[in-house]
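Quick note on labels: first sequence line is chain A, next is B, and so on, each numbered from 1.
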Amino acid sequence: MAPVISLQGVCKGYGDGARYQPVIDGMNLDIPAGETVAVCGPSGSGKSTLLNLIAGIAAVDAGALVLRHGGQSHALHKLAEAQRTALRRRLVGYVFQLFNLVPTLTVLENVALPLHLNKMEERLSEAVRRLQGLGLGEHLDAFPETLSGGEQQRVAIARALIHEPPIVLADEPTGNLDAGNSERVADLLFTEAERLGCVLVVATHSPAIAARAQRRVELGG
Amino acid sequence: MNPLLKSALRFMAKTPWTALTALLGIALGVASTVAVHLISLAVSDSVLTTRPPHLRQVTHIAEWPGADMNSYFELRRHWRQVQRPQTSGPLRTDHFQAGRAPAEPVEGVWDWLREVEFMTPIVEGQLALNGRRFQVVGADWLGGAPPPGLALTRQAVVADSSLGLVVNEALQLNGERWTVVRTVDSGVSLGLFVDIGDAMALLQRSPDTLSFVALRLAEPGAGLRTWLERLLPGLSAGLPAAGAEAVPKLPDWRLQPVASILPEQQFSKSILFNLGALGMLALLVAWFLIYQVCVLWLRQQETLLLRLHAIGFSANELVGGFLLSVAALGAIATLVGIFGGYGLAALLVRISTAGFDALPAVDMSAVVVAKALISGLGVAVAGAWLAFAKRKPSAEASSRSPTRVLERLATEPGIGRVGQSRADGQVGHTVLAIGRSNGWLTALGALGGLMLRRVRPPWLGIGLGAILIAAGMGLAETGLYGGFAAILAAGLIAAALVAPLLRLLRRRLHNSGHNLLARLAVREATWHEGDLSAALGALILAVGASVGVSLMVDSFERDFARMLEQRLAHETFLELPNQDGERLAAALRSAHPAALVQAYGRISTRLRGQAVELGYTDFSAAETARYGYRRPLAENEAFASESLLVKLGLSVGDSMDWSPPIPAFLAENAAVAGESFVANSGLAVENAVDSGGTALRIVHEFPGFGETTPRLLMNARTVARRFGDLGFDRIGLSGIDMPALEGWLQDWAPGTRVRERAALRSAALEIFDRTFAITRALAVLALIIAVIGLYNAMMALRLNQKAGVSLLRALGLSAAEQRRLALIRGGVLGACAILLALPLGLFIGFALCDVINPRAFGWSLDLSISAGAWAWPMLLGFTAAVVASVMPTPGEAGGAN
């Protein structure tokens with residue numbers, strides 16, 4: 001079975017000409033459907049950059065990056081920014097460490113945002129149900145600033161998964177949380193990914209989270 | 001170099017676009033201040049120098065139809081008695097100017113003479129020589145406080161520049177040789193200023209002759225007036241005019257403020273005041289902008305400041321460093337603004353003479369530089385500090401120490417990357433907490449916070465503003481200051497309503513619309529009212545002012561054009577070099593029987609002490625119809641211009657005792673009436689006119705837009721009965737072929753100037769356009785500054801939301817959708833701006849037409865709400881908001897920053 005995410009000789013760096021600093025240099029990586037992958041490495045090793053490349057937020061400098069879903073292949077390295085964006089909204093769910101929620105949208109509206117972007121508003125009741133399942137039923141109309149860090153991350157995970165994307169990316173999702181909240185958030189992330197059978201790529205410093213992933217990818221410093 | 005300053009300067013260099021817009025905004029604000037001051041100064045200087053020399057240091061004139069030199073000496077004796085009874089010998093001016101001389105109390109009607117600082121007798125009249133009529137003015141130049149260089153000796157003459165004489169040139173007058181010792185722009189056409197004895201000899205008057213006494217009274221508000229004039233030339237014109245009750249009374253003599261016989265000077269000052277007020281508006285908008293720039297800069301640098309604080313820089317050092325960086329920008333912008341303002345002033349003066357004949361010279365002065373520094377540098381630093389203070393919510397600051405906030409921030413590494421940005425509020429609080437650790441900063445910050453954040457909405461301010469508006473609009477005694485204070489209060493109320501309006505919209509539009517993105521855009525527009533209210537307020541102020549000025553100019557243009565239609569009823573107008581109009585009119589009627597020929601004449605005189613231009617002709621029904629009156633003018637009936645009625649406190653239907661007019665001396669042909677009559681009748685001036693006690697009835701009022709001197713119109717025979725046959729110097733013609741007329745005039749009346757209606761009309765409209773060119777330019781300038789301010793505000797907002805935008809982008813929001821978001825956001829803000837700017841603009845237009853114009857110039861305008869006048873500024877304001885919203889921010893602008 002062809003991998004959902006496939007990187008062949010991918011290069012990405014910052015700066016121009018002589019000041020070019022490669023962050024990812026000739027990376028090869030295949031991730032099949034349903035696999036959970038932990039991306040580890042010291043700060044500056046390219047963890048976030050790798051996730052941004054897979055999401056299509058950043059473009060590769062060289063190499064091939066292909067996403068596969070529903071029998072179709074999408075060569076991200078050949079797509080323009082607008083096409084990558086259109087693909088991202090459909091295929092990718094993203095969880096960040098900080099500033100995960102749009103502050104001017106309510107909890108429910110934040111979760112409904114991917115449904116709106118993918119014209120799936122009929123699933124709004126599913127969003128309500130999901131939030132209630134997460135213990136956030138009383139906060140549907142609240143704004144993010146009124147939630148704790150752990151609650152905000154749970155909302156972010158609900159939003160990343162609400163449109164059931166084949167790929168979920170999480171960039172240090174527990175980096176800003178205490179131990180108890182970290183464990184709850186990690187549980188939620190891995191359980192939901194497993195339930196949906198999607199690929200989960202987590203960039204993390206946490207050995208505990210890395211240990212829960214099926215595969216660990218180490219990036220050099 | 002201080003590492004903080006170095007860091008700030010490098011920050012500027014790395015963000016050239018931000019620095020450039022900030023610099024441009026402050027520079028434009030400074031430039032508007034400098035330009036308005038320079039224009040006002042130039043025009044004011046030219047106005048002052050054209051004041052007749054014998055009236056330059058005079059505040060009042062005292063006249064009495066029966067007065068002669070004996071009356072003057074009697075008046076002087078009383079004056080000396082109340083001032084210093086023991087004084088003997090020649091009078092000196094110094095002890096009067098130094099203040100009140102210790103005087104024995106003198107009870108009675110002469111007490112007011114204590115207020116007199118000097119007095120001098122004036123004799124004036126006309127001297128006809130070689131076909132020219134010289135205006136001769138004689139004063140006792142040594143007796144009072146003569147202007148420098150005018151202490152005249154016998155047979156020495158100071159000549160008006162209109163005579164074309166040069167210093168030391170010899171002049172033959174009445175068979176004697178006179179020497180020109182100085183030439184001046186006196187405003188008195190063909191004026192000759194001589195010693196009073198020489199004047200009597202030249203005019204062949206008796207040694208007892210006296211025209212009036214010129215006086216300088218100690219004015220209670222003189223200090224304030226001087227201070228205001230120094231602040232901005234023309235600003236004192238806004239002070240309420242002293243009422244009749246404030247003018248001292250004394251037996252027989254009638255005391256008049258000198259302004260009443262120099263109406264064109266008051267007119268000029270009123271124009272200056274209006275310019276100054278508009279300039280102040282541009283400055284106010286610039287101050288808003290400067291503040292907005294500071295907010296933006298703080299927003300851009302707060303992460304850096306936070307980090308610097310974390311590594312050990314003290315709060316004071318950081319605040320100082322930030323203020324220093326803004327000061328550096330302010331200093332550069334001030335320099336640019338000074339030069340820009342000089343260029344702008346020169347340009348505006350060139351494109352508009354603003355009603356003045358001569359082009360005034362633009363000169364830089366220390367006051368201008370000081371004002372520029374205060375506007376640019378001072379306000380930039382104050383704005384920077386206020387931006388700091390405003391970012392500190394009092395509750396947060398009081399409950400959280402900088403250390404606690406830093407501890408919290410220590411858990412938030414990786415600021416600035418997608419998904420790793422800090423919560424904006426937390427860092428903001430930290431920066432504010434930095435400010436809090438300084439004692440005086442805390443106090444001022446609390447005050448700023450109270451003013452800018454806690455009072456929602458500012459009902460107290462709105463209430464005070466409403467009282468100010470009611471008083472300024474309703475009480476004529478408040479003068480131009482009252483009118484403009486009302487406009488300013490309305491503008492500030494509109495600006496103050498921005499934040500409550502955004503909050504209201506946020507509440508009302510909370511769940512409106514089914515489109516989530518549209519809802520998001522509306523919320524983003526209304527969410528950060530604190531960041532946007534200053535810039536939106538400035539935009540509202542500028543758009544409102546632009547709408548108001550446009551409405552006023554349009555209304556003026558409409559009324560002015562209507563007035564021209566009425567006045568320029570004839571196809572052709574002839575301006576004669578003499579008073580032979582009647583003879584020429586008769587010849588024209590004879591040569592062209594089918595033509596319509598009407599002769600006109602005018603003289604300058606004074607009515608109840610007020611300088612008046614008296615126009616006369618045969619006011620048949622056809623002629624009165626031009627003024628909207630339906631029947632011929634009867635004997636002792638007159639039309640009065642609106643400004644004359646205002647100045648004399650009369651209304652249509654009122655009658656007044658037409659007391660003997662005293663020949664004036666200022667305008668061309670000024671003394672024609674009195675002196676001709678005197679010459680023809682052989683009577684002395686004082687006895688020339690039979691007052692008769694006849695009542696003159698005002699039967700109609702007409703607008704006198706653009707006329708500096710109030711006018712009175714009546715039948716020629718009514719005037720002749722008073723003044724004798726004065727002749728006519730203009731003729732209106734219709735139904736005569738032009739080439740034939742010109743040929744005919746060559747033979748019959750050489751030197752006659754022929755002017756066609758179309759040319760006169762276009763010349764009048766051109767003067768109109770030029771007069772308002774500066775007004776329009778200042779309104780546009782304010783608008784440009786406001787647009788830059790709004791762009792800066794939007795930039796601050798978008799920088800604030802950068803992390804949010806990155807998040808949306810990560811979630812799959814396309815570039816087109818982001819642009820749509822920005823468009824909706826800009827549209828909402830633009831709609832808010834025009835929602836408040838439209839009523840403000842209508843109010844300003846109404847105030848300018850119905851309050852400012854009558855108080856400044858004595859004419860009122862029918863407010864015409866033309867679509868073009870309000871639609872364009874509104875469209876511009878709306879477009880500016882939308883464009884500012886979609887324009888790239890630093891980082892988005894192709895790597896410019």
Considering only heavy atoms, which portion of [X] lies under 4.5 Å from any heavy atom of chain B: side chain, backbone, both, or neither?
| X | result |
| --- | --- |
| A:L113 | both |
| A:L105 | both |
| A:E81 | side chain |

Between atom [atom1] of [X] and atom [atom2] of [Y], what is the distance when rounded to the nearest 0.5 Å?
| X | Y | atom1 | atom2 | result |
| --- | --- | --- | --- | --- |
| B:R523 | A:F143 | CZ | CZ | 4.5 Å |
| A:L115 | B:L516 | CG | CG | 9.5 Å |
| A:R88 | B:S814 | CZ | OG | 10.0 Å |
| A:T85 | B:L811 | OG1 | CG | 11.5 Å |

Quiz item: Is the number of heavy atoms from other residues, nucleotides or ligands under 6.0 Å of A:E122 CD greater than 12?
Solution: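 More than 12 within 6.0 Å, yes.
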Exercise. Verify the neighbour count for atom CZ of A:R195: are there more than 12 heavy atoms of other residues, nucleotides or ligands below 6.0 Å?
Key: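 Above 12, so yes.
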Quiz prompt | From CA spacing to verdict: side-chain contact (heavy atoms from CB on, under 4.5 Å), B:R519, A:T104 | solution = CA-CA 9 Å; B:R519 198 185 298 176; A:T104 49; over 6 Å; no
Practice problem: Could you look at B:L808 and say if it's the side chain, the backbone, both or neither that has a heavy atom under 4.5 Å from chain A? | Solution: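 Side chain of B:L808 only, per the 4.5 Å heavy-atom cut-off to chain A.
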